[in-house]
Amino acid sequence: MDRLQGTWKNKFNAPALDRGESIYRNGRVVELKQNEDSYSAAVLERQRYEVSLSLQNRLPVRMRCHCPISRSGNNCYHMAALLFAIDALDHPEKYTQTDKEDSSSLQPKITRGTKNRNKRETQKSSVIQTKGEPEKRTRKTKHQKESELELLKKEKEQQAKKQEAERRAKEEAQRLVKEEAEQAAKKEVERLAKEEAERAERRAAREKRKAARAKKETEQKAAAQAERQKQLEKQLAEEQWREALRQQKKAETQRRQEKRR
């Protein structure tokens with residue numbers, strides 16, 4: 001049974017597949033290693049890219065690469081190149097060369113986990129492939145160059161979209177911070193107004209109680225004054241009554257004395 005289903009290419013766009021196949025055909029996929037359903041390799045370009053993936057139901061999953069395209073969340077052509085190398089393990093005839101080079105040079109040499117018997121031979125093969133890289137790069141077709149340009153264009157577009165998304169996220173964060181600040185300021189104004197209203201209410205209550213006490217004191221003073229006036233009038237009336245009684249007794253005494261005479 002083949003390692004890959006034929007539908008694995010649906011995970012990539014056409015430019016990524018074209019460039020990935022070109023990279024594999026130019027012998028720039030080296031140090032292919034397998035550990036059960038996990039594969040890894042190095043893709044040699046201007047710099048070295050380490051690529052790894054796993055197969056589940058004969059389809060690639062958990063593909064990883066540290067190139068900018070992969071970091072932006074897309075499947076890159078380095079991943080496609082590794083998958084072409086894996087596919088060549090089952091179908092080497094699909095990747096035979098038409099020039100003088102031996103077709104066996106395109107069939108990847110696989111190292112299984114820790115069962116690598118001759119690591120030096122693999123490294124030597126990688127060096128030989130790397131030396132032939134400048135000569136093979138000159139064989140790129142016009143279609144491949146256009147694919148590279150299209151990939152670069154898409155990378156720039158994705159970068160621009162990412163920057164636009166970051167800018168919008170920053171603006172949204174600033175807007176939220178501004179709204180929170182405005183709401184906090186509004187709540188502070190409302191709190192101060194509420195405190196001022198409560199203070200005014202307490203002042204009014206104090207003034208009301210003070211006025212009530214003053215009124216009560218005034219009424220009490222007036223009542224006391226009226227009571228004192230009443231007592232004075234009563235005392236005066238009693239004194240007048242006593243004086244009248246004395247005058248009456250004195251007059252009666254004088255009448256008696258006159259009668260005796």
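Below, all heavy atoms of this structure are taken into account, side chains as well, without hydrogens, waters or symmetry copies.
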Taking all atoms of both residues into account, what is the closest heavy-atom pair of [X] and [Y], and its distance?
X  : Y   : value
L4 : D90 : N-OD2, 4.4 Å
R3 : L55 : O-CD1, 3.6 Å
K9 : L17 : O-CD1, 3.7 Å

Quick test of your reading of the model: are [X] and [Y] salt-bridged, counting only N-O distances below 4.0 Å?
X    : Y    : result
R168 : E164 : yes
E31  : R48  : yes
E157 : K161 : no
R19  : E45  : yes
E217 : K221 : no
E227 : K230 : no

Contacts of type side-chain contact (heavy atoms from CB on, under 4.5 Å), residue E252, not counting sequence neighbours:
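Result, side-chain contact (heavy atoms from CB on, under 4.5 Å) vs E252: R255, R256.
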Could you list the residues that satisfy side-chain contact (heavy atoms from CB on, under 4.5 Å) with E196, not counting sequence neighbours?
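Listed in chain order: R199, R203.
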Parallel, tilted or perpendicular for F84 and W8, by the 30°/60° rule?
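Perpendicular, since the angle between the ring planes exceeds 60°.
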Polar side chain donor-acceptor pair, Q56 to D37, under 3.5 angstrom:
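Result is no, nothing qualifies.
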So, Q257 and R260: side-chain donor and acceptor under 3.5 Å apart, yes or no?
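No pair is found: no donor N or O on one side chain lies under 3.5 Å from an acceptor on the other.
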Where the side chain of N13 meets the backbone of A16, is there a donor-acceptor pair that is under 3.5 Å apart?
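Yes.
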Please walk me through it: do H78 and L82 pass side chain to side chain contact (heavy atoms under 4.5 Å, CB included)?
CA-CA 6 Å; H78 305 110; L82 174 55; over 6 Å; no
Listing, residues 238-248 side-chain donor-acceptor contacts under 3.5 Å, not counting sequence neighbours, or none:
| residue | atom | partner | partner atom | Å |
| --- | --- | --- | --- | --- |
| E243 | OE1 | R246 | NE | 3.4 |
| E243 | OE1 | R246 | NH2 | 2.1 |
| E243 | OE2 | Q247 | NE2 | 3.1 |

Neighbour count above 12 (heavy atom, 6.0 Å) for E201 CD:
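No - once you tally the heavy atoms of other residues, nucleotides and ligands closer than 6.0 Å, there are 12 at most.
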Between K250 and T253, does the side chain to side chain contact (heavy atoms under 4.5 Å, CB included) criterion hold? Intermediate values first, please.
CA-CA 5 Å; K250 185 178 179 180; T253 303; 5.7 Å; no
The test is side chain to side chain donor-acceptor pair (under 3.5 Å); show your working for Q231 and R228 and say whether it passes.
CA-CA 5 Å; Q231 292 294 333; R228 284 195 298 271; over 6 Å; no
